[in-house]
Every structure is written in structure tokens, then in C-alpha cells.
Amino acid sequence: MKSKKTVGFAILTFVLFLTVQPLNAQQASGGGGGGGGGGGGSSTILTVTKAPIQPEGTLAPLSAARIPFTKVTFVASGNARVAVDGLVVERFGLSVDTVLESIVALDEDGFQIGRANRLNSNHQTLLDARFEVLPGKPRTITLTGNRPWWGNASHAGMSVGLSLVAVQTSASVAGQFPIQGAWHTVNEGLVIGSVVALRSPLDPGVSSVQYVGTSGYTFAAIKLVAGSAEGGLLYGIRWHQGGTAIPGDLEVKTVVNGFPYDTTASADGRYYTSIFNPPIRFESGRSIDVSIGGVLLRGGGHTINFDIYERADIYITGAEYRFGILPAYGATIPLIDSAAVSSLDGPYYDGAAVTISEGDMLVSVSQLAPNQNIFIDVPNQQGGAFKTIIRGEAMIARRLGFNVTLGSEGATADVDDIVFTLVDENGAIVAGPIDGTATDSSETSGAGDGSVVFTDRVVFPIGEHHYFVKMKTNTDIVENVTIQLSTTPCTDFIWVSGVATGKNIVVGPCSKVTLSRMTAKSPSPVSRARFTSFKTDGGRIDMRAFVQGGHQYYLEWTEDFKIWNRDDRPPLSPTQDTEWGFDLVEPSGRLPSDRRFFRIVSD
């Protein structure tokens with residue numbers, strides 16, 4: 001018969017077994033571990049096993065990073081994804097906790113998941129390693145350790161390992177814990193490579209405003225310099241985008257020493273990762289420049305702020321020993337967005353910010369159409385010109401208003417005696433023709449003797465461009481009448497929006513822009529001209545003549561022939577000493593009577 005003491009001990013042991021076992025199961029399954037993430041729940045099972053291929057045991061020298069200990073495979077059953085919220089890792093082996101400065105989980109590309117954590121007094125740490133496991137797509141996570149940079153001779157020769165003892169998730173977990181991998185031998189004498197990170201000369205260095213459509217802009221750039229012990233191998237880099245921009249706002253690539261590499265954005269748009277396969281080698285004492293840049297597609301009002309959040313986001317190993325290398329910290333904590341390396345993570349490299357603007361449009365007077373004389377009742381006469389400067393993206397305008405002021409007009413002249421056309425710097429018509437009105441339009445903010453409002457859709461391209469108002473007056477506009485157009489762009493250029501973004505903008509300035517003044521003149525008669533050839537071109541009659549000076553001229557078919565200069569020089573005024581000796585005939589021997597104007601060019 002057992003004693004009461006023995007029976008009591010057995011009962012206590014049984015009670016403890018009932019109490020502890022559910023706790024361990026709950027730890028493994030993540031119940032009470034907080035968090036779930038769509039698709040989790042009792043009907044979803046996350047199977048956790050030891051990966052078939054494990055790291056091999058090796059040395060663990062000072063300053064070595066990402067030393068791989070244990071690889072673990074995660075498989076989700078059913079049709080639901082499983083969100084993992086954390087991993088509980090424990091040190092094992094013949095060693096002390098301080099041989100490892102921190103513990104890190106890595107994804108399949110070798111990048112850190114969550115933050116690095118130190119071991120607690122129970123030789124464990126909870127890693128905030130958050131990742132998802134999709135059905136049919138197993139994940140393999142590697143548990144790694146970072147060695148401290150400071151030495152302790154008494155640690156030499158110790159054996160250390162890391163095991164996975166629990167998984168935090170809302171799904172049910174199937175697996176045998178702990179899951180253990182390789183043991184490594186602590187080494188205190190081997191000197192491995194080092195890397196220093198600096199701001200690259202390619203980095204803009206200051207925050208700025210950039211416009212939609214800007215291409216080739218560098219958001220952030222660092223210089224990596226290998227130390228004297230060995231060269232480096234750059235396997236990848238992960239940029240943190242801390243602004244309000246979304247992936248659709250921009251198109252970026254990582255550039256290493258001038259060569260571009262694709263980036264992959266994370267699901268939340270916060271991280272942009274580039275993998276270099278094969279890795280990029282830089283020799284001892286040499287450096288490489290690594291930047292991120294690209295094109296602004298849209299996103300007016302959003303901000304872009306590319307940082308390197310942790311130094312572990314720069315995936316480097318030594319070129320000879322192949323141990324992981326963490327770039328050195330900076331000397332101080334820099335000012336926000338100052339494009340500098342910090343003495344802490346979060347961020348490690350704090351890049352300058354960019355604010356995206358939809359683009360803007362500024363209108364001013366063009367000097368390509370100065371004050372000059374124009375001719376009455378002749379088409380394509382100069383009416384003044386304005387210049388546009390557009391940044392960011394091309395603009396679409398749907399209404400352009402101008403006030404028109406007449407001088408010395410007398411009783412007969414009015415703005416409705418003028419037909420207006422708007423042409424670009426290549427002479428192509430972009431708006432009009434349209435008749436002027438004898439009153440100021442409600443769609444113009446200024447005052448004059450009348451107005452003209454173009455309602456055609458006009459596309460203004462990026463950059464600096466010039467636009468010319470062309471006029472044809474009737475004969476109610478008499479000799480010496482002056483014509484001058486003006487506009488207040490912010491109120492008279494209306495319904496202007498970006499071609500890429502579709503967002504409306506206000507055109508500047510809000511002050512009056514007054515175009516050059518034109519003075520009406522009657523053309524002077526000249527002698528007859530003999531034409532050497534005649535043809536039709538697109539409905540217009542095209543006659544060729546030998547005309548002194550080689551300029552283009554207009555011929556008005558009236559009882560007395562009149563000829564004048566198309567490029568707005570003073571009209572030809574032959575004197576008695578200037579004999580033009582031309583006869584006006586076409587090949588048939590007669591003049592056509594169905595057209596009023598002819599375009600004549602010199603051979």
C-alpha cells in the first residue's frame with residue numbers, strides 16, 4: 001500500500017499534467033497568442049515541420065549576421081490562408097545566451113521578417129514574425145542568430161542552437177515541438193568582413209516637390225563600402241516607403257552602379273524589394289552605389305519617402321567567408337528626412353521626402369509676336385501670342401477666354417468684325433475659327449470692347465510652348481484701328497485638368513496677361529505678276545511665281561491685283577523705278593473666278 005504522501009504526490013502530478021498540457025497545446029496553436037487574420041480558425045490547420053534540408057554546423061564568429069540554425073516548413077490545409085503572428089524561439093546547447101546578440105527569422109529570399117529580438121531569462125524570445133501561408137504554397141522560414149561585435153574569450157568553443165517551440169496563429173497547429181536544426185561552434189578569433197553605409201552622391205539630399213510625369217528621379221541612394229578584411233556580396237535590398245503614395249502612383253527600380261533591377265512591392269505597398277541573382281560583388285576597400293528611382297505616374301498630393309528601415313534590409317555577406325554582414329550604424333540620430341545613416345534602426349537610412357504635384361500651368365506673354373501692323377480683310381494676320389510653361393503632366397483646357405480692346409475704332413469697327421483662330425508654334429490650328437463678340441463675355445473676367453472665347457478642347461504639352469492668335473478682319477475694321485487681346489488665366493482658362501491624373505488645376509497667374517498690340521493697315525497695290533506654274537493642293541489653288549525676295553505672298557483677286565507679304569513685313573510698295581513686269585495667267589489662259597485668295601510661293 002502506498003503512503004498518503006505518495007498518493008498525494010501522484011495526485012498533484014496528475015493535476016499538473018492536466019494543467020500544463022493544455023497550456024503547451026495552446027502555445028503551439030496560438031490560442032491566446034493574439035491575432036488571426038482572415039482564414040484562420042478551428043477548421044484551418046497549419047502544419048509545422050522540420051524542413052528536410054537543414055543548415056550545416058559551422059563556426060559562429062564575432063559580428064556574423066544571419067547565421068542559419070533551423071529551417072521550418074509551414075503548410076496550410078483547406079482553402080483558407082493562415083496568418084502567422086509570431087514565433088517563439090528558444091536557445092539550446094552548451095552555451096550562454098549572450099553568445100547571440102539577437103534572434104531573427106528570415107523568409108525564402110533571405111530577408112528579415114519582423115524585428116530582431118534578444119533572448120529573455122528563459123532563453124526564449126517571441127519574434128514578431130508576421131507572414132501568411134497560402135493553401136498549396138508552403139513557406140520555409142529560417143531561424144537565424146546575430147553574433148555580437150564585442151568578444152569574450154570564455155565563450156570560445158561553446159555550442160549553440162535555436163529551436164522553434166511555439167507558433168502564434170489563430171489556426172490550429174499540427175507539429176512536434178521543439179523543432180531543432182544545426183549546432184554552431186562559437187568562435188572569438190576569426191575576423192570577417194565589414195561594410196560602412198554612407199549617403200551616395202546620387203541621393204537628392206533634400207525633400208522636394210516633383211510633378212506627375214517626372215521620370216528618372218532618384219528618391220534615395222546609399223554608398224556601401226567594403227572593409228579591409230574581405231569584399232562583399234550584395235544579395236538584395238529592401239526599401240521602406242513611408243509616405244502616403246500607393247504602388248500605382250509610381251514605377252520604380254533599384255539601380256546598382258548604373259544597372260537597373262526590378263522591384264517587388266509588398267501587399268501593403270510599404271516595402272519594395274530587389275533580389276540580385278547572382279549577387280553583386282564589390283571588393284575590399286571598394287564601394288557600390290545603390291539607389292531607388294523611377295517615374296511618377298499619378299498621385300497628386302501624395303508623398304513618397306523611401307528609407308531603409310533596418311540595416312538588416314541590406315542583405316550582404318562576405319565574399320570569402322560568406323557570413324552575413326550588417327552595415328555599421330551611423331554616429332548620431334539624424335533629423336527626419338535628412339538623407340543620413342542613423343545610429344539606430346527605424347529607419348536606419350532616413351531618405352528625403354517627395355510630394356507629388358499633379359502638375360501646373362503658367363501663362364505669360366510671348367515675345368515671338370511683338371507689336372506690328374496687320375492687313376485688313378486678309379486671313380492669318382497676327383493677333384498676338386502667349387507662352388505656356390507646364391510641369392508634371394500635359395494639360396487639357398476646355399475653355400480659353402480673351403477680352404479684346406479696340407483703339408481708334410470709330411463708329412463702324414467692333415470685335416464681331418474679327419474671326420479668331422488659335423495655332424501652335426508649328427502653325428497647326430488648335431482652336432477656332434470663331435467669331436468675336438461685341439460685348440465682354442461672362443466667361444472672361446476682364447473688360448474691353450468685346451471678347452472671344454475658344455471652346456475647343458486644347459491639349460497643352462509639358463514644357464515651354466508658344467501659341468499664336470490669328471485674325472481676319474472684315475472691312476469695318478478700318479485703317480489704324482488697334483486690336484489687343486488680354487486674359488486672366490486663373491479665371492479665363494477654365495476646366496483645365498491633367499491628362500494623366502484627370503485632376504483639375506488652376507492656371508496661373510491671377511493677374512492680367514496682355515498680348516501685343518496690332519494696328520490695322522490696308523494692303524498697297526503692286527504691278528501684275530506672271531506665274532510659272534499652277535496646281536491645286538487639298539482644295540486650295542497653288543501658284544508659283546518668281547517674286548523678288550523669295551517670300552510668300554498673298555494675291556487678292558480684285559479688279560486691280562494686290563500682292564503683299566505673308567510673313568508680316570511691310571507691304572510691297574513699288575515705285576516708278578520698280579518695274580514688276582508680270583502677267584497674271586494660269587495654264588488655261590484665264591483666272592479662276594471661284595476663289596478669292598491664292599497662295600503664291602517663290603520657286
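Side chains are part of it too, since the values below use all heavy atoms of this structure and drop only hydrogens, waters and symmetry mates.
The stretch residues 251-262 participates, sequence neighbours left out, in these salt bridge (Lys or Arg N to Asp or Glu O under 4.0 Å) pairs: Lys253-Asp262. Under the salt bridge (Lys or Arg N to Asp or Glu O under 4.0 Å) criterion, the residue pairs touching residues 380-400 are Asp360-Arg391, Arg399-Glu443, with sequence neighbours excluded. Counting only residues at least two apart or on different chains, no salt bridge (Lys or Arg N to Asp or Glu O under 4.0 Å) pair has a member in residues 294-308. Among residues at least two apart or in separate chains, salt bridge (Lys or Arg N to Asp or Glu O under 4.0 Å) pairs with a member in residues 207-225 are Lys223-Asp289.
Note: Thr482 OG1 to Met518 CE = 11.0 Å, rounded to the nearest 0.5 Å. Lys503 NZ to Met395 CE: the interatomic distance, rounded to the nearest 0.5 Å, is 12.0 Å. The distance from atom CD1 of Ile246 to atom CD of Gln241, rounded to the nearest 0.5 Å, is 10.5 Å.
Arg322 is linked by a side chain to side chain donor-acceptor pair (under 3.5 Å) to nothing, counting only residues two or more places apart in sequence or in another chain. Remark: Asn146 engages Ser102 in a side chain to side chain donor-acceptor pair (under 3.5 Å) (not counting sequence neighbours). In terms of the side-chain contact (heavy atoms from CB on, under 4.5 Å) criterion, residue partners of Val415 (sequence neighbours excluded) are, by chain and number, Val404, Leu406, Phe420, Asp449. Annotation: side-chain contact (heavy atoms from CB on, under 4.5 Å) contacts of Ala226 (sequence neighbours excluded): Phe282. Judged as a ring-ring contact (aromatic ring centres under 6.0 Å, His included), and not counting sequence neighbours, Phe323 has no contacts. Judged as a salt bridge (Lys or Arg N to Asp or Glu O under 4.0 Å), and not counting sequence neighbours, Arg199 has no contacts. Checked against side-chain contact (heavy atoms from CB on, under 4.5 Å), Asp313 has the following partners two or more places apart in sequence or in another chain: Arg238, Tyr271, Ile308, Tyr309, Glu310.
Remark: the Thr437 side chain and the Ser451 side chain contain an N/O donor-acceptor pair separated by less than 3.5 Å. Counted by atom type alone, Ser486 and Thr514 present zero donor-acceptor pairs between their side chains at under 3.5 Å. With no hydrogens or angles considered, a side-chain donor-acceptor pair links Asp345 and Tyr329 at under 3.5 Å. Between the side chains of Thr263 and Trp239, no donor N or O sits under 3.5 Å from an acceptor N or O.
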Which pairs of donor and acceptor atoms, one on a side chain in residues 363-370, lie under 3.5 Å apart (sequence neighbours left out)?
unit_1, atom_1, unit_2, atom_2, d
Ser366, OG, Leu368, N, 3.1
Ser366, OG, His466, ND1, 2.7

